[in-house]
Amino acid sequence: MNPSLKLALVVLIALEISFTQVWTVNVALIVISLVILGLNRIHIRTLVWLTVVPLFFASALIWSLMLRGNATPHFLIVLFTRMFVYVYLGATFTQTTVPLELTRSLEQNAKLPAKFAYGFLAAFNLFPKIKAEVATVHAAAMMRGQVLHFWSPQLYFKVILTAMNWSDQLASAMMSHGFVEWAPRTYAINVPLRTRDWVIFGASLLLVQIGLFIGLP
Amino acid sequence: MKQWHVRDIILVTILAIFMGVIFWVTGPVYTVLAAALTPFGLQPMANDMLLGLWCMAGPLAGFIIRIAGAATLGELLGSIVEMFLGGMWGASTLISGIVQGVGAELGFAFTGYKRYNWMTLVLSALTTTLVTFGWDFFRSGYNKYQFGFMMLLLLTRFVSVFIFGGVLTKLITNLLGRAHVLSPRIRA
């Protein structure tokens, strides 16, 4: 399915179930998501990870509401299943899409300006360097006997200076490779937006609406 | 009004990733705190106590890159990065990102993107608290809490956002100001 439409669909459904209280639809969404994940051969370890951690948070939230709140059992079931819809439904997107595909599709299909698409990609691909930089900043401070915590302004200060430096360099590098912000671009790889994508998108949304509003518990 | 350039976009994204990585390092703090508070039914307190840290990218980006939408974009891009790098909440991270970003953005918008001082950050902390609380009110069932506990959560959240998004952000921008890296942007 087209990445932009897929993202829109997942976000819309997540938004809608946040404001509605039909647990049967939540369960249906969980089952469908698990089937999709299964068809895409998700690793068992990922699946266990995606189940155990939310299980803790969902249970803790329910427990808290039972102790300090006045929610009905129905509402608690809705809330419990809702957490898992977020996780599994989200995973159907992240497990089947890579950032490059999404940015290409957003640029071509959703008409996102190229400077945003490529600016984001440039920064995203720095991730390993960014991780190393945080470790370096910590280590450098340790050598001077300073321990930087997540509440230390110095930590953020150093990191922001690096970010400013790198963004200057990356932007210059892109310019020197011929990237012009406002110039029209052609695409080496086209991301198709087929009728089929729209049909899946519309039908899925329609099904969710039917499920939510025919009076299921 | 100042336009977005590719340099600003990269800066906002790198900033967001940095914040994400720093937060990641503190990940155990949240889990331990949540686990410790759970038996007392106080797990949401852990969430609200550390929420300010999650929301820091917004005010920081808004303060450093003084363009309309910087705070929103900072949070949104941060959430996209988190989504792809193994954040488990998937697409709902995006919604949270937008909600937190808009919350922080409102504070800057109320000053017309003209003033960048204490007041702006306090205002931004206030709007962030209200907007994100409104979201949790529905999403996480906060509307079903007893009134007193609900207010306690709201207060905790504001203190957290104020400390991280207000005080800490102010301290950081003070350092940046002394290093004269903010000045050319102020004139822009």
Side-chain angles (χ1 to χ4, degrees), chain A residues 7 10-11 14-15 18-19 49-50 53-54 56-57 60-61 63-71 75 79 82 86-87 89-91 93-94 99 115-116 118-120 122-124 126-127 130-131 133-134 150-151 153-157 159-164 166-168 170-171 174 179 181, chain B residues 4-19 21-23 25-26 29 34-35 37-38 40-44 53 56 60 64 77 80-81 83-95 135 138-141 144-146 149 163-164 168 171-172 174-176 179 181:
Chain A
L7 181 64
V10 168
V11 170
L15 196 63
S18 304
F19 291 101
W49 172 248
L50 284 177
V53 181
F56 166 68
F57 286 110
L61 180 64
W63 174 239
S64 160
L65 270 166
M66 278 163 72
L67 277 188
R68 319 251 158 200
N70 46 11
F75 183 77
L79 210 55
R82 187 185 285 170
Y86 288 149
V87 173
L89 193 64
F93 177 77
T94 47
K115 55 185 178 182
F116 284 96
Y118 288 94
F120 171 74
F124 184 83
L126 270 188
F127 181 73
I130 292 176
K131 237 168 90 179
E133 183 66 21
V134 174
F150 64 86
W151 60 82
Q154 279 88 355
L155 171 62
Y156 296 93
F157 172 67
V159 148
I160 290 168
L161 287 188
T162 312
M164 287 177 163
W166 286 355
S167 61
D168 278 340
L170 263 178
M174 286 168 72
F179 182 85
E181 283 181 14
Chain B
W4 281 98
H5 288 297
V6 76
R7 188 189 167 281
D8 310 305
I9 298 162
I10 299 176
L11 179 56
V12 137
T13 319
I14 296 184
L15 265 183
I17 302 178
F18 262 127
M19 305 304 284
V21 170
I22 293 173
F23 188 76
V25 176
T26 57
V29 177
L37 290 173
T38 297
F40 310 102
L42 292 173
Q43 181 264 340
L53 202 56
M56 253 180 86
L60 210 52
I64 295 172
L77 291 176
I80 296 178
V81 172
M83 180 176 84
F84 277 119
L85 295 176
M88 61 187 48
W89 300 103
S92 73
T93 313
L94 284 188
I95 305 176
W135 168 236
F138 295 103
R139 188 199 60 168
S140 311
K144 293 291 191 293
Y145 277 119
Q146 290 146 13
F149 191 66
I163 288 176
F164 288 109
L168 188 55
L171 290 175
I172 296 166
N174 282 351
L175 285 177
L176 290 171
V181 286

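Quick note on labels: first sequence line is chain A, next is B, and so on, each numbered from 1.
For the side-chain hydrogen bond (donor to acceptor under 3.5 Å, both in side chains) test, no residue two or more places apart in sequence or in another chain qualifies with A:Y118. Residues passing the side-chain hydrogen bond (donor to acceptor under 3.5 Å, both in side chains) test with A:R68: none are found, sequence neighbours excluded.
Contact annotation for B:L94: only side-chain heavy atoms (C-beta onward) come within less than 4.5 Å of a heavy atom of chain A. Proximity to chain A is limited to the side chain of B:L60, based on heavy atoms less than 4.5 angstrom apart. Interface remark: B:L176 contributes backbone and side-chain atoms alike to the contact with chain A (heavy atom separation under 4.5 Å). For a residue to count as touching a neighbouring chain, one of its non-hydrogen atoms must lie under 4.5 Å from one of that chain's; by this rule A:M66 does not touch chain B. Of the atoms belonging to A:F120, heavy atoms from both backbone and side chain fall under 4.5 Å from chain B. At a 4.5 Å heavy-atom cutoff, the contact between A:F75 and chain B is made by side-chain atoms alone. The contact between A:L79 and chain B is made entirely by side chain atoms (from C-beta outward), counting heavy-atom distances below 4.5 Å. In this structure, chain B has a heavy atom under 4.5 Å from the side chain of A:F19, while its backbone stays farther away. Only the side chain of A:L126 comes within less than 4.5 Å of a heavy atom in chain B; its backbone stays farther off. B:A16 does not touch chain A: none of its heavy atoms, backbone or side chain, sits under 4.5 Å away. For a residue to count as touching a neighbouring chain, one of its non-hydrogen atoms must lie under 4.5 Å from one of that chain's; by this rule A:A122 touches chain B with the side chain only.
Interface remark: of the candidates A:L65, A:N70, A:L161, A:L65 forms the most heavy-atom pairs closer than 4.5 Å to chain B. Each of B:L42, B:N174, B:L168 has some count of heavy-atom pairs under 4.5 Å with chain A, and the biggest count is that of B:L168. Most heavy-atom pairs under 4.5 Å with chain B, from the set A:L170, A:L15, A:I130: that is A:I130. Note: A:F157 leads A:F157, A:F56, A:F93 in heavy-atom pairs under 4.5 Å with chain B. The greatest number of non-hydrogen atom pairs below 4.5 Å with chain A, out of B:M56, B:H5, B:M19, is found for B:H5. Contact count versus chain B (heavy atoms, under 4.5 Å) is highest, among A:A91, A:P99, A:A71, A:G119, for A:P99.
Taking CG of B:D8 as the start and CZ of A:F116 as the end, the distance is 9.0 Å to the nearest 0.5 Å. Note: A:L7 CG to B:I80 CD1 = 7.5 Å, rounded to the nearest 0.5 Å. Going from atom CD1 of A:I160 over to atom CD1 of B:I64 covers 3.5 Å, rounded to the nearest 0.5 Å. One distance of note links CG of A:L67 with CZ of B:F149; it measures 9.0 Å at 0.5 Å rounding.
The aromatic rings of A:W166 and B:F18 lie parallel to each other, with less than 30° between the two planes, well short of the 60° mark.
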Practice problem: Please assess A:E133 against B:V21 for the test side-chain contact (heavy atoms from CB on, under 4.5 Å), listing each intermediate value before the final yes or no. | Solution: CA-CA 10 Å; A:E133 183 66 21; B:V21 170; over 6 Å; no

Exercise. Could you walk me through whether B:L171 and A:Y156 pass the side-chain contact (heavy atoms from CB on, under 4.5 Å) test, one step at a time?
Key: CA-CA 10 Å; B:L171 290 175; A:Y156 296 93; over 6 Å; no

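Within 6.0 Å of NZ in A:K131 there are 12 or fewer heavy atoms belonging to other residues, nucleotides or ligands.
Put simply, the side chain of B:L11 does not reach to within 4.5 Å of the side chain of A:D168, judged on heavy atoms.
When all heavy atoms of B:S140 and A:R82 are compared, the pair lying nearest together is N-NH1, 4.5 Å. Here the closest heavy-atom approach between residue A:A171 and residue B:I10 is recorded as N-CD1, 3.9 Å. When all heavy atoms of A:A123 and B:I14 are compared, the closest pair comes out as CB-CG1, 3.7 Å.
Checked by atom type and distance alone, the side chain of A:K115 pairs as donor or acceptor with a backbone atom of B:W4 at under 3.5 Å.
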